[in-house]
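Worksheet: the structure to be examined is printed underneath.
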Amino acid sequence: MTVGKDVSALFPDVVNCMQTDNLELKKLVYLYLMNYAKSQPDMAIMAVNTFVKDCEDPNPLIRALAVRTMGCIRVDKITEYLCEPLRKCLKDEDPYVRKTAAVCVAKLHDINAQLVEDQGFLDTLKDLISDSNPMVVANAVAALSEIAESHPGSALLGLNPQSVNKLLTALNECTEWGQIFILDCLASYTPKDDREAQSICERVTPRLSHANSAVVLSAVKVLMKFTEMLSKDLDYYGTLLKKLAPPLVTLLSAEPELQYVALRNINLIVQKRPEILKHEMKVFFVKYNDPIYVKLEKLDIMIRLASQANIAQVLAELKEYATEVDVDFVRKAVRAIGRCAIKVEQSAERCVSTLLDLIQTKVNYVVQEAIVVIKDIFRKYPNKYESVIATLCENLDSLDEPEARAAMIWIVGEYAERIDNADELLESFLEGFHDESTQVQLQLLTAIVKLFLKKPTETQELVQQVLSLATQDSDNPDLRDRGYIYWRLLSTDPVAAKEVVLAEKPLISEETDLIEPTLLDELICHIGTLASVYHKPPSAFVEGGRGAVHKSLPPRTASSESTESPETAPAGAPPGEQPDVIPAQGDLLGDLLNLDLGPPVSGPPLATSSVQMGAVDLLGGGLDSLMGDEPEGIGDNNFGAPPAAAVPARLGAPISSGLSDLFDLTSGVGTLSGSYVAPKAVWLPAMKAKGLEISGTFTRQVGSISMDLQLTNKALQAMTDFAIQFNRNSFGLAPAAPLQVHAPLSPNQTVEISLPLNTVGSVMKMEPLNNLQVAVKNNIDVFYFSTLYPLHVLFVEDGKMDRQMFLATWKDIPNENEAQFQIRDCPLSAEAVSSKLQNSNIFTIAKRTVEGQDMLYQSLKLTNSIWVLAELRIQPGNPSFTLSLKCRAPEVSQHVYQAYEIILKN
């Protein structure tokens, strides 16, 4: 059997040998059973009686052997017979049997989860966490963790301070694998305050000196997680960080494979807390016999730890590495010198001179890497090191890699005014334009346009040549588009072209390759696992549900300084959905007077920030000039417009009336979501608008906001050509379609229109916050009015926050952001209040009764991803409610309270 021969035919004879008293023989029979039970399920049932008997054997080794084998026989028919023996073994007097039975529960759960839950084995496992034997505790934790992984939603481990205390006690006496299970389990616990976190850290710290590297990394994971909760002012915080350095350094004296795993984990730790290893730079210096994968990883960490204090050492090392024989390593070393220059400003000069020395070696790949990093140094420190350009230009001919060629072209274009023969240099690249990579072609196009704007008279032909190569002769859409944009800019407005192409560039930041903070926090929770080696969350490489559990670091406690700046997204907002920052108010009337209110477009409604009122030529100079008019160029020469063949079809072609009907919601559709709609109010009286009276209200229907307008003509002449535009406002409200009045509005006629709105318009903070300034145009004049929209039309449908998230966010928002309001004369019960508010997207997350008062905890989310959390206190029989609101943008609270009042009282 063990050499791969099929001996399943002997199954009945082998099963007969189970009755033997010889322990060695029994082990072999059980091994045979594990192998062949699946292929002979009917015959495997013959063995059940022996299992049951062996589970009551006086010898604990035999009892454990029986229960272990039962767990490994994955046959559905047998599992139900195994429940009784397993139950007895879980309560066995011998710890060896109990620890084996604990693992058996996890195996049985994998075969038949429902059976395990019905039989109450999970509760028995939880009881084993309090067992007196540390190995039983460790195995119970391992089994529960395994089961919890396949059921992400279940809080199986349900740790509390008492159970954590028992785990910590067992930690000192377990085997190394038992310690890893317990430490991994502790890492998923969130202490209630910093004192408990400190106490756990103190008891886990001795594990850092363990001989097994997996135990060390698991202990580091727990400590990294719990330091989040400690205040940086504590003496203990500094002591703990000092204790973390030696074990990490020790891991680097292991064999290369272990070193690599340690280095990948250290890379994460250094990004989170560089202060832990800031004095340990020397251990990351590369040894001559390190494998390449270790060398590259060490280089990465050296750059992360580089600071003013150690930069001289680091640069000396890197210069040494750049003369090695391993090409990949040398390239990375040269890049590292550039990254050091960008990171530590004081060292920039030394880095540049080191790079120049390396260029003098004339080693092709060293020169190319050096040019790429010098380009970045120019971006970081403009007008400082341009004296080296001459040296770079000498090496033009040797560049054959796209990135290096693109970098060199960028340098020539950017500093064309300092290079006498810049046009000749760029022309040399043009000769093989179509053989270059896209990166080089794009860079060359931009560089020649920059050169033309700096020296127009000498480079007229060159720029015409590159524009025609990029537009007429190229089939790359990116290149063609960029070519046409430059062509249009140069042919219509050279001044604008100069402002666009030669604009001041933002400085590049030092750490462009840092892991995104939320991902980093998740990876810190996976230290010591594959996720920390791949630098990817488990969900990215584990199939099925097992990798789907997202872990994150605990929030900092109130006593420690918050790591979150006020501008970051609220805890409930998904990453990437930052709340809009509302700019300050400017000259509003001026803005409105500048609104472009041309004739209405016959075309599809545009879902843009401001609705297109006239067929504006997006390219900037009237579409006709594309067809061959030649506007004045730069200098005396006429600069040809791009060829007619390339012109897209004219914008704004008429469309069938079917599409316009989509936006004509006058057929009286009811509000589907049940959100409260205020009655229409007069916004613009007829006497102020030459006979045009406008009334309206705002509605929210299944996720769409509309402005429902009623236009009445009280003048003596018909009104036509209606258009509407909004000024910038606090939440970016803008029409999502033109204002469509299909027929002329005759005298004394009234028409009702529903104008769809979106929230992607320009944003500016208004006073009050919900103020909206509107301009309406018709054939008579342009009229302006302002109105206040009720904030509840901006409450979105996915505003229900998870309970845990609600608690964490409530604690995280500073107390000074809390506002209290009284809602009077509202004789409603808690249930009625909750259902009424839910219709307007204010969601009740939890309800509890405290001293006879009903407390409703609620959340809502605005269209710009600002979350508002609420606590509503209702005393039965008392028509006054107390509303407490917490929000990261406190100026919103007053308007949210007004929305509550409007919804509850109507």
task = Give the intermediate values and the outcome of side-chain contact (heavy atoms from CB on, under 4.5 Å) for residues Val833 and Leu904.
result = CA-CA 7 Å; Val833 165; Leu904 290 175; 3.9 Å; yes

ask   = Using the ring of each side chain (for Trp, its six-membered ring), is His792 parallel, tilted or perpendicular to Phe795, with breaks at 30° and 60°?
value = perpendicular

key: Verdict with supporting geometry, Glu831 and Lys847, salt bridge (Lys or Arg N to Asp or Glu O under 4.0 Å)   = CA-CA 10 Å; Glu831 285 68 30; Lys847 176 192 170 190; 2.8 Å; yes

key: Minimum heavy-atom distance between Ile845 and Ser859, given as atom pair plus value   = CD1-OG, 3.3 Å

ask   = Side chain of Lys225, backbone of Val220: donor and acceptor closer than 3.5 Å?
value = no

Test item: Asp193 side-chain N/O and Glu196 main-chain N/O as donor-acceptor pair under 3.5 Å = yes

Check: Thr882/Gln822 side-chain N/O donor and acceptor closer than 3.5 Å = yes

task = Kindly indicate, with the supporting measurements, whether the criterion salt bridge (Lys or Arg N to Asp or Glu O under 4.0 Å) is fulfilled by Lys221 and Asp184.
result = CA-CA 8 Å; Lys221 167 165 57 184; Asp184 286 351; 3.0 Å; yes

ask   = Side-chain contact, heavy-atom cut-off 4.5 Å: Thr227 with Arg273?
value = yes

inquiry  = With heavy-atom distances below 4.5 Å as the criterion, would you say the side chains of Thr787 and Phe698 are in contact?
reply    = yes

task = Answer whether the closest heavy-atom distance between the side chains of Tyr789 and Asn729 falls below 4.5 Å.
result = yes

request  = Verify side-chain contact (heavy atoms from CB on, under 4.5 Å) between Val793 and Thr699, making sure each step is shown before the conclusion.
outcome  = CA-CA 6 Å; Val793 299; Thr699 62; 5.9 Å; no

query = Would a distance-only check, ignoring hydrogens and angles, find a side-chain to backbone donor-acceptor pair under 3.5 Å from Thr759 to Thr863?
reply = no

key: Over all atoms of both residues, closest heavy-atom pair of Ala531 and Leu523   = O-CD2, 3.7 Å

task = Run through Ile866, Val896, Leu733, Val892 and flag the one making a side chain to side chain contact (heavy atoms under 4.5 Å, CB included) with Leu794.
result = Leu733

ask   = Looking at Arg873 and Glu851, does any basic side-chain N land under 4.0 Å from a carboxylate oxygen?
value = no

query = So, Asn165 side chain and Leu168 main chain: donor-acceptor pair closer than 3.5 Å or not?
reply = no

ask   = For the residue pair Phe806 and Tyr857, does the interplanar ring angle fall in the parallel (under 30°), tilted (30 to 60°) or perpendicular (over 60°) class?
value = perpendicular

query = Side chains of Asn841 and Phe843: does their closest heavy-atom pair fall under 4.5 Å?
reply = yes

ask   = Are Leu869 and Met801 close enough that some pair of their side-chain heavy atoms sits under 4.5 Å apart?
value = yes

ask   = Between Gly852 and Gln875, which heavy-atom pair has the shortest distance, and what is it?
value = O-NE2, 3.9 Å

ask   = Do the side-chain N and O atoms of Gln773 and Ser786 include a donor-acceptor pair separated by under 3.5 angstrom?
value = no

request  = Might you point out which heavy atoms bring Ile874 and Ala830 nearest each other, and give the distance in Å?
outcome  = CD1-CA, 3.9 Å

request  = Give a yes or no answer on whether the side chain of Ser231 reaches the backbone of Asp233 with a donor-acceptor pair at less than 3.5 Å.
outcome  = yes

inquiry  = For Lys811, is the NZ atom crowded, meaning more than 12 foreign heavy atoms sit under 6.0 Å from it?
reply    = no

key: Stepwise side-chain contact (heavy atoms from CB on, under 4.5 Å) check, Asn817 with Asn815   = CA-CA 5 Å; Asn817 282 22; Asn815 288 337; over 6 Å; no

request  = Look only at the side chain of Thr750 and the backbone of Thr712, and say whether a donor-acceptor pair between them is shorter than 3.5 Å.
outcome  = no

inquiry  = As an exercise, state the distance from CE of Met229 to SG of Cys201, rounded to the nearest 0.5 Å.
reply    = 10.0 Å

ask   = Within a reach of under 6.0 Å around CD of Gln804, are more than 12 heavy atoms found that belong to other residues, nucleotides or ligands?
value = no

message = The test is side-chain contact (heavy atoms from CB on, under 4.5 Å); show your working for Ile200 and Tyr189 and say whether it passes.
response = CA-CA 11 Å; Ile200 295 172; Tyr189 173 63; 3.8 Å; yes

query = Charged N to carboxylate O below 4.0 Å: is that the case for Lys536 and Glu522?
reply = no

request  = Could you tell me whether a side-chain N or O of Ser163 sits under 3.5 Å from a main-chain N or O of Leu159, the two making a donor and an acceptor?
outcome  = no

task = Taking all non-hydrogen atoms of both residues into account, name the closest pair between Leu885 and Tyr897 and its distance.
result = CD1-N, 4.0 Å

message = Using a 3.5 Å distance criterion without hydrogens, assess whether the side chain of Glu818 forms a donor-acceptor pair with backbone atoms of Ser884.
response = no

ask   = Can you tell me how far CG of Leu862 sits from CH2 of Trp867, rounded to the nearest 0.5 angstrom?
value = 10.5 Å

key: Euclidean distance, Met707 CE relative to Trp683 CH2, rounded to 0.5 Å   = 4.0 Å

inquiry  = Any side-chain to backbone donor/acceptor pair from Lys836 onto Asn906? Under 3.5 Å, distance only.
reply    = yes

task = Can you measure from OG (Ser706) to CG (Leu757) and round to the nearest 0.5 angstrom?
result = 6.5 Å

ask   = Are any non-hydrogen side-chain atoms of Glu693 and Val682 less than 4.5 angstrom apart?
value = yes

message = Go through it in stages, so that I can follow the logic: the residues are Asp798 and Lys861, the test is salt bridge (Lys or Arg N to Asp or Glu O under 4.0 Å), and I'd like the CA-CA distance, side-chain angles, deciding distance and then a yes or no.
response = CA-CA 7 Å; Asp798 62 343; Lys861 182 174 153 193; 3.4 Å; yes

Pairwise distance CD1(Ile842) to CD1(Ile903) - rounded to 0.5 angstrom = 4.0 Å

key: Other residues, nucleotides, ligands: >12 heavy atoms within 6.0 Å of Lys272 NZ   = yes

key: Contact check, side chains of Asp854 and Arg848, non-hydrogen atoms, under 4.5 Å   = no

note = Rounded to the nearest 0.5 angstrom, the CG-CG distance for Leu223 and Leu230 is 9.5 Å

ask   = Is there a donor-acceptor contact under 3.5 Å linking the side chains of Thr697 and Asp708?
value = no

ask   = Taking Ser840 for the side chain and Leu837 for the main chain, is one N or O donor matched with an acceptor at less than 3.5 Å?
value = no

query = Side chains of Leu769 and Asn771: does their closest heavy-atom pair fall under 4.5 Å?
reply = no

inquiry  = Around atom NZ of Lys688, are there more than 12 heavy atoms from other residues, nucleotides or ligands closer than 6.0 Å?
reply    = no

remark   = Between Cys826 and Phe881, the two heavy atoms sitting closest are O-CZ, 3.1 Å

